[in-house]
Protein chains: 2
Amino acid sequence: MSLKYALLGFLNYYPMTGYELKKFFDTSVAHFWNAEQSQIYSALKQLEGEDLVEMHVEAQTDRPNRKVYSITEDGRNELLEWLATPAEPEQVREPLLIKLFFGRVLPRERLIAVMHSQVADLRRIAETYGEAMEMTHKFGVAAGMEKDAQVWALTVEASIAHHRAGIAWAEDAIAKLERMDDDGFGASYPKEEDNPPVDARAARTILEMVTEGKPQLRASTLAARTTKGDDHDND
Amino acid sequence: MSLKYALLGFLNYYPMTGYELKKFFDTSVAHFWNAEQSQIYSALKQLEGEDLVEMHVEAQTDRPNRKVYSITEDGRNELLEWLATPAEPEQVREPLLIKLFFGRVLPRERLIAVMHSQVADLRRIAETYGEAMEMTHKFGVAAGMEKDAQVWALTVEASIAHHRAGIAWAEDAIAKLERMDDDGFGASYPKEEDNPPVDARAARTILEMVTEGKPQLRASTLAARTTKGDDHDND
DNA sequence: TCCAACATGTAACCGGTTACATGATTCA
DNA sequence: TGAATCATGTAACCGGTTACATGTTGGA
């Protein structure tokens, strides 16, 4: 859903074509949002259908006509309304944490290697934020929007903070893994060897032991807790 | 794709039904991964087709038969292989950052209110991590998997670190917004008023000014940079 | 000569969400 | 009486990705 508003946001700066919008995405919000060309074109069509943007064709002979989109009054109103509404927290999906969660079955060194590679990836991404910061500044100057550039900079800081935290956590986790007893790791788990073969009731029993009828920590519960409490300082 | 491996990961602990898998998800990995019941059922069917799990029916008269899934040798191998492979970095998608990015057009106080509500949401979620930590411990005891519980705890720490960083950043951003000049905010932007009406060339000109033929910071570029460099300590 | 930039799209697919359906048992 | 638990699914939809199609101009 946010894509729609990001497009409105850009069109609220200046009228432009789908092709140009793609460039704006790639040069300014790439660090926290990506949009494919094809997606932009179809979203624009949709926005036009809702009368939130309007399009006029600029004829060209040598290449496909330019379709320049501009935001409508309705579009601007809807944008402002959306911007002033609290953001719904995103569902986190972290493949790395799945690997770590189930990673005890790997030889410890293998698991640590995966963690190291995560750190390396994060560092590599973090290096690009300098460029991103420069970009926000350049845009501000080029477009005469220095005020906007100040909030743009805050979004880059968010990404930096986020990555720094990720790196710090991962390094701490690696240190902890290194302090753990090697014997517990690897595909065969000591306990399993001493114990009678696992039967189909085990999972049931464990679930009963853990959740003694108590309310569970469900994603839906989380969502409810977070969206219900929207009753603060914004109205 | 990770869902598939999460299922294999759980089935590698114990054989169980789709219904029980859902509970395991909700009580243990909910803080970084969610899976809907319907999705679990169809994924299991798919895994069975690939011979990574096998199913046997436990007949029941009073309610639908239990379909107990267990991991196969192939499944275990594929799981181990996947676990030992570096995680591909996820595309970040942060609606809040879109709001902030375009938020200059809001009255400053409105934008700050959105940020405050973000902080409140993050705090509310952070409160649940105590429970999550308890859960990992309980599971470890109940299943006789104390070693696994140690790595489970690391995943909870990841979420905690992540949220703490989010809160700290947001509070800092709020402080900065509060120090900014009020006049720059709101739907009408001073510069626009003094300047001639915006024409359809403006976006073009700005893009030219900012990206003087220089390589751009594209998501694809980022992806390339991050996946190319996988040549470290894992093979 | 060949690739990048300009400029538009369509179609297939994929992972995930939401809604709907069925039906017994148990507990408040 | 009515909700929650147990236990299975199907179908529609939705946002996003990947692949494919078309065709000119200008620069390395």
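Since this is a predicted model, take the numbers as computed values, not measurements. Proteins come first, then strands; the chains are lettered A, B, ... in the order of their sequence lines, and each starts at number 1.
Note: CE (B:M16) to P (D:dA7) measures 14 Å, nearest angstrom. Rounded to an integer number of Å, the gap from B:R66 CZ to C:dT25 P is 17 Å. In this structure, NZ of B:K67 is placed 10 Å from C1' of D:dA7, rounded to the nearest angstrom. To the nearest angstrom, C1' of D:dG9 lies 15 Å from CG of B:L21. Computed from coordinates, the B:E20 CD to D:dT8 C1' distance equals 13 Å when rounded to whole Å. A:Y19 has its OH atom 14 Å from the P atom of C:dG9, to the nearest Å. We find that NZ of A:K22 is positioned 16 Å from C1' of C:dA4, with the value rounded to whole Å.
Every side chain to side chain contact (heavy atoms under 4.5 Å, CB included) that A:L122 has, sequence neighbours left out, goes to A:Q118, A:H163, A:I167. Checked against side chain to side chain donor-acceptor pair (under 3.5 Å), A:S159 has the following partners two or more places apart in sequence or in another chain: A:H31. Judged as a side chain to side chain donor-acceptor pair (under 3.5 Å), and not counting sequence neighbours, the contacts of A:R123 are A:E171. With sequence neighbours left out, A:K4 forms a side chain to side chain contact (heavy atoms under 4.5 Å, CB included) with A:M1, A:L47, A:E50, A:L52, A:E78.
Among all heavy-atom pairs drawn from B:P15 and B:V68, the shortest one is CB-CG1, 3.9 Å.
No donor-acceptor pair under 3.5 Å is formed between the side chain of A:W82 and the backbone N or O of A:S2. At least one donor-acceptor pair under 3.5 Å links the side chain of A:R93 to the backbone N or O of B:N34. A:E131 places no side-chain N or O within donor-acceptor distance of the main-chain N or O of A:T128, the cut-off being under 3.5 Å. In this structure a side-chain-to-backbone donor-acceptor pair under 3.5 Å is missing from A:K67 to A:G18.
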Across nucleotides 11-28 of chain D, 5' to 3', mark each nucleotide with B, S or - according to how protein heavy atoms within less than 4.0 Å reach it. ----SSBB-----SS---

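Comparing the start and finish of the helix from C:dT1-D:dA28 to C:dA28-D:dT1, five pairs each, the helix axis swings through 30°, to the nearest 10 degrees.
OP1 and OP2 of C:dT8 both lie 4.0 Å or more from every side-chain N or O belonging to A:K45. The phosphate of C:dG9 (OP1 or OP2) has no side-chain N or O of A:Y41 nearer than 4.0 angstrom. Considering only side-chain N and O atoms, B:K23 lies under 4.0 angstrom from the phosphate OP1 or OP2 of D:dC6.
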